[in-house]
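Convention: sequence-line order gives letters A, B, ...; per-chain numbering from 1.
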Amino acid sequence: MENQVRVRFAPSPTGGLHLGGVRTVLFNYLFAKKHKGTFVLRVEDTDQTRFVEGAEDYIFDCLDWAGLPADESPRKPGDFAPYRQSERKPMYRQYAEQLIAQGNAYYAFDTPEELEKMRESLKTTENPSPQYDHRTRSQMRNSLNLSTEEVKALLDAGVPYVVRIKMPENETVHFTDLIRGDISHETNVVDDKVLLKSDGMPTYHLAVVVDDYLMKITHAFRGEEWLPSAPIHIMLWKYLGWEAEMPKWAHLPLILKPDGNGKLSKRDGERLGFPVFAMEWKDPKSGELIDGFKEKGFLPEAFVNLLVMLGWNPGTEQEIFTLEELSELFSLERVHKGGAKFDYEKAKWYNQQHIQRADNDRLAGLVKPYFEAKGISITDDQKLTEAVAMVKERCHLLTDFTEQASFLFQAPDHLDLDAVKPKWTTEKTAFFTEWSETLQDTANAADLEAAFTECAAKHGIKKGELMMPLRIMLVGGKFGPGVFDIITFIGAAETKKRVASALLLLA
RNA sequence: GCCGCGUUGGUCAAGGGGUUAAGACGCCUCCCUUUCACGGAGGAAUCACGGGUUCGAUUCCCGUACGUGGUACCA
């Protein structure tokens with residue numbers, strides 16, 4: 001196949017992996033699968049001041065959990081290694097120098113203090129953030145204004161410098177975005193972005209262009225927040241002479257906070273009580289622990305499903321998908337332009353839907369640790385699978401299972417007796433005493449119910465008045481599967497025990 | 001401030017010159033269930049505003065408003 005599709009996700013490993021990040025991964029992954037292409041993971045670790053221990057491993061863990069592994073990555077190098085930009089450092093300088101030689105970039109020796117001074121002195125209410133651009137560059141200390149000798153002297157003296165792109169004047173940069181159509185920017189309002197930092201590392205702007213070119217990326221997907229810097233990248237592709245190989249761009253809509261305004265942030269999750277990261281993230285410096293979807297009890301397939309629906313839809317009424325289906329159906333044409341507010345209630349609904357479809361054995365395995373964490377040891381995995389089958393339809397999150405099923409393994413520690421006490425009678429005590437004596441193990445809930453009904457009639461009590469008390473005795477509250485199903489599950493002996501101890505409390 | 005991008009119910013959204021403007025989440029009512037949930041049947045609720053173009057605009061164009069992103073030697 002000519003023109004093999006190659007896409008990439010290029011995170012910078014600085015902390016938790018955000019919902020929006022995973023959605024970008026997902027769109028990349030789906031697009032690659034759909035076109036039988038290659039999904040590349042490239043680590044953008046050019047900012048050494050932001051290095052965070054463990055953050056790269058964490059990204060791999062998240063992708064593995066979500067079921068969206070990369071075809072090529074630092075851990076699984078393909079033909080374009082290395083896949084970490086810090087390890088590619090020597091590759092970038094030549095391109096920066098090429099640009100300088102061509103007159104499309106220049107050395108700038110301004111110190112951070114000088115830059116700050118420039119911004120301060122030029123700042124007005126009209127223009128609160130002055131840029132390093134065609135208007136100001138002539139006043140700065142750079143190779144545009146210095147003589148060749150001066151520049152050489154500074155370079156030889158080892159004075160720190162950066163390389164900046166020289167944005168042209170009075171041009172309009174056009175490109176076609178796969179989602180938004182024709183986009184244009186005036187070069188006059190784009191600043192001379194730093195390409196190579198004083199530590200010799202490229203900035204994102206240079207690195208993304210060089211690496212996308214070198215790695216033969218055909219389609220570049222990224223968040224909408226990158227749209228304003230697109231003209232810099234386009235110019236770089238042109239200046240470097242690679243325009244014919246430039247990837248097709250697609251800028252994805254943002255995921256917004258549910259209330260108010262703005263991009264969804266981890267703080268919103270904490271404030272509103274839902275996760276924002278794929279998996280929980282512990283900041284190695286502050287020790288701060290931030291929730292993840294995984295730990296909250298989401299199934300990875302549900303997470304992927306709810307994410308894809310944030311900004312994309314199939315154009316049909318289908319809402320629940322497997323990853324395989326999505327790999328077939330996904331298309332960029334059906335991606336929305338506008339940002340989507342995140343709705344946690346709907347997210348939980350997706351999870352509930354996927355729980356219903358999930359295999360019971362698998363669910364049992366996933367949920368077992370939650371029971372053990374609550375001090376309920378599961379000795380018989382088959383029993384747990386049965387319990388899961390019994391209660392799954394009332395679970396939205398995996399963490400709901402303990403609440404919904406622990407009484408199947410352990411007598412409830414509190415009985416909501418207030419619901420039955422007011423109408424309690426000695427006749428009822430007599431009924432339960434006699435009925436429980438006749439109880440025997442059986443797999444047939446219908447037989448149990450028939451015997452119960454018969455016994456109630458014998459005592460002249462309406463069955464309806466006895467059902468809720470029985471449920472409370474066994475479950476502790478007004479919830480759960482059918483009572484006779486519960487009895488067949490826990491057995492006659494356990495039922496007798498629970499009835500007897502409840503009777504004591506009711507006496 | 002400037003620049004970019006966007007705007008269909010509370011939320012996700014389909015649709016795209018003539019429609020009763022789908023569907024889902026959430027909410028409400030009812031049914032099922034001697035519980036809760038699931039499931040089922042209903043209900044309330046939407047084209048930001050103003051101008052064009054047109055026989056006719058939610059749909060096309062232009063403004064305005066609002067939102068959002070960017071405006072770093074961060075990505």
Side-chain angles (χ1 to χ4, degrees), chain A residues 10-14 44-47 49-50 85 108 110-112 115-116 119 123-133 160-164 177 179-180 183-186 188-191 193-205 207-208 222-231 251 253-254 256 258-263 306 309-320 334 336-350 352-353 356 391-396 400 404 419 462-468 470-472 475 477-483:
Chain A
S12 79
T14 52
E44 306 237 347
D45 55 350
T46 54
D47 187 352
T49 63
R50 294 211 299 168
Q85 288 182 333
D110 317 276
T111 63
L115 289 174
E116 183 53 32
R119 294 201 178 97
K123 196 160 127 185
T124 61
T125 30
E126 305 283 83
N127 182 9
S129 40
Q131 297 182 320
Y132 201 120
D133 60 14
Y161 65 89
V162 301
V163 176
R164 286 180 182 270
D177 186 281
I179 294 170
R180 294 153 205 281
I183 307 280
S184 63
H185 291 88
E186 298 301 324
N188 284 357
V189 297
V190 180
D191 60 342
K193 279 276 181 295
V194 170
L195 264 20
L196 209 58
K197 301 186 245 189
S198 56
D199 64 0
M201 277 287 192
T203 60
Y204 172 82
H205 301 108
V208 73
R222 66 206 331 188
E224 191 186 336
E225 69 268 29
W226 287 107
L227 216 37
S229 45
H251 290 88
L254 265 12
L256 278 11
D259 53 355
N261 319 311
K263 274 203 290 193
L306 71 92
M309 297 304 276
L310 243 32
W312 175 87
N313 77 83
T316 65
E317 289 190 6
Q318 186 179 357
E319 291 208 84
I320 304 300
R334 298 206 63 88
H336 245 254
K337 295 184 178 84
K341 289 186 182 174
F342 179 68
D343 181 355
Y344 190 51
E345 290 308 315
K346 186 138 189 185
K348 284 193 287 192
W349 176 79
Y350 279 109
Q352 189 264 134
Q353 291 294 310
Q356 304 326 307
V391 304
K392 69 195 286 190
E393 69 250 39
R394 54 211 95 206
C395 296
H396 283 75
D400 291 340
Q404 290 297 331
K462 274 188 274 180
K463 186 183 166 197
E465 289 187 42
L466 299 166
M467 292 292 282
M468 186 51 77
L470 177 56
R471 167 173 297 283
I472 305 266
V475 176
K478 298 191 218 178
F479 65 94
V483 270

Student: Is there a donor N/O on one and an acceptor N/O on the other, under 3.5 Å, for the side chain of A:R394 and the base of B:rC36?
Tutor: yes

Student: Compare the minimum distances between each of B:rC38, B:rA75, B:rC36 and the side chain of A:Q352, then state the nucleotide with the smallest one.
Tutor: B:rC38

Student: Would you indicate which nucleotide in B:rC3, B:rA72, B:rC38 comes nearest to any side-chain atom of A:H185?
Tutor: B:rC3

Student: Specify whether A:H205 and A:W226 have parallel, tilted or perpendicular ring planes, treating 30° as the upper limit for parallel and 60° as the lower limit for perpendicular.
Tutor: perpendicular

Student: Please give, in whole Å, the distance from B:rC5 P to A:E224 CD?
Tutor: 10 Å

Student: Would a 4.5 Å heavy-atom cut-off, applied to side chains only, mark A:P314 and A:M309 as touching?
Tutor: yes

Student: What does the 5'-to-3' dot-bracket notation of RNA chain B look like when only Watson-Crick and G-U wobble pairs under 3.5 Å count, and pairs to other strands show as |?
Tutor: (((((((..(((.....[....))).(((((.......)))))....(((((..]....))))))))))))....

Student: Please state how far atom CE in A:M309 lies from atom C1' in B:rA24, giving the value in whole angstrom units.
Tutor: 8 Å

Student: Using a strict threshold of under 4.0 Å (side-chain N to carboxylate O), is an ion pair present between A:D47 and A:R50?
Tutor: yes

Student: Counting heavy atoms from C-beta on, name the nucleotide in B:rU71, B:rC36, B:rG70 closest to the side chain of A:E225.
Tutor: B:rG70

Student: N/O contacts under 3.5 Å, protein versus nucleotides 40-49 of chain B?
Tutor:
none

Student: For the side chain of A:T316 and the backbone of A:Q318, is there at least one donor-acceptor N/O pair under 3.5 Å apart?
Tutor: yes

Student: Look at A:K197 and B:rC74 and indicate whether a side-chain polar atom (N or O) is within less than 4.0 Å of OP1 or OP2.
Tutor: yes

Student: Is the Lys NZ or Arg CZ of A:R164 less than 6.0 Å from the centre of A:Y132's six-membered ring, within 45° of the axis?
Tutor: yes

Student: Taking the minimum atom-to-atom distance to the side chain of A:L254, which one of B:rA75, B:rA72, B:rG69 wins?
Tutor: B:rG69

Student: Could you pick out which residue, A:E345 or A:Q356, lies toward the 5' side of RNA chain B when each is mapped onto its nearest nucleotide?
Tutor: A:E345

Student: Between B:rC2, B:rA13, B:rA22, spot the one nearest the side chain of A:E317, thanks.
Tutor: B:rA22

Student: To the nearest Å, give me how far apart NZ (A:K193) and P (B:rC73) are.
Tutor: 7 Å

Student: Round to a whole Å and report the spacing from CZ of A:R471 to P of B:rC36.
Tutor: 9 Å

Student: Please check if the number of heavy atoms outside A:K197 that lie under 6.0 Å from its NZ is greater than 12.
Tutor: yes

Student: Confirm from the modelled atom types if A:K346 and B:rA24 form a donor-acceptor pair under 3.5 Å, side chain to base only.
Tutor: yes

Student: Any side-chain to backbone donor/acceptor pair from A:R334 onto A:N313? Under 3.5 Å, distance only.
Tutor: yes

Student: Find the distance A:L196:CG to B:rC74:P and express it as a whole number of Å.
Tutor: 11 Å

Student: Would you say B:rG39 has OP1 or OP2 under 4.0 Å from some side-chain N or O of A:Q353?
Tutor: yes

Student: Do any side-chain nitrogens or oxygens of A:T46 fall under 4.0 Å of OP1 or OP2 in B:rC74?
Tutor: no

Student: If you compare every side-chain N and O of A:H336 against the phosphate oxygens of B:rA14 (OP1, OP2), does one of them come in below 4.0 Å?
Tutor: yes

Student: When you get a sec, tell me which of B:rC3, B:rA72, B:rG1 is the closest nucleotide to the side chain of A:N127?
Tutor: B:rG1

Student: Can you tell me which nucleotide in B:rG70, B:rG4, B:rU35 comes closest to the side chain of A:K478?
Tutor: B:rU35

Student: Side chain of A:E44: nearest nucleotide among B:rG1, B:rA75, B:rU34?
Tutor: B:rA75

Student: Are A:R222 and B:rG69 close enough that a side-chain N or O sits under 4.0 Å from OP1 or OP2?
Tutor: no

Student: With a 4.0 Å limit, can you tell me whether A:N313 has a side-chain N or O closer than that to the phosphate oxygens OP1/OP2 of B:rA14?
Tutor: yes

Student: Using a 4.0 Å heavy-atom cut-off, does A:P481 contact any base of the nucleic acid, only the sugar-phosphate backbone, or nothing at all?
Tutor: base

Student: A:R50 has an atom CZ; how far is it from atom P of B:rC74, in whole Å?
Tutor: 9 Å

Student: Return the minimal non-hydrogen interatomic distance between A:F342 and A:A347, and the atom names on each side.
Tutor: CZ-CB, 4.0 Å

Student: How about A:R394 and A:D400: do any of their side-chain heavy atoms sit closer than 4.5 Å?
Tutor: no

Student: Over how many whole Å does the gap from A:K341 atom NZ to B:rG6 atom P extend?
Tutor: 18 Å

Student: Using whole Å, what does the distance between atom C1' of nucleotide B:rG10 and atom CG of A:D343 come to?
Tutor: 9 Å

Student: Using the closest heavy atom to pick a nucleotide of RNA chain B for each, name whichever of A:T203 or A:W349 lands nearer the 5' end.
Tutor: A:W349

Student: How close do A:E44 and A:A10 get, heavy atom to heavy atom, and via which atoms?
Tutor: OE2-CB, 2.9 Å

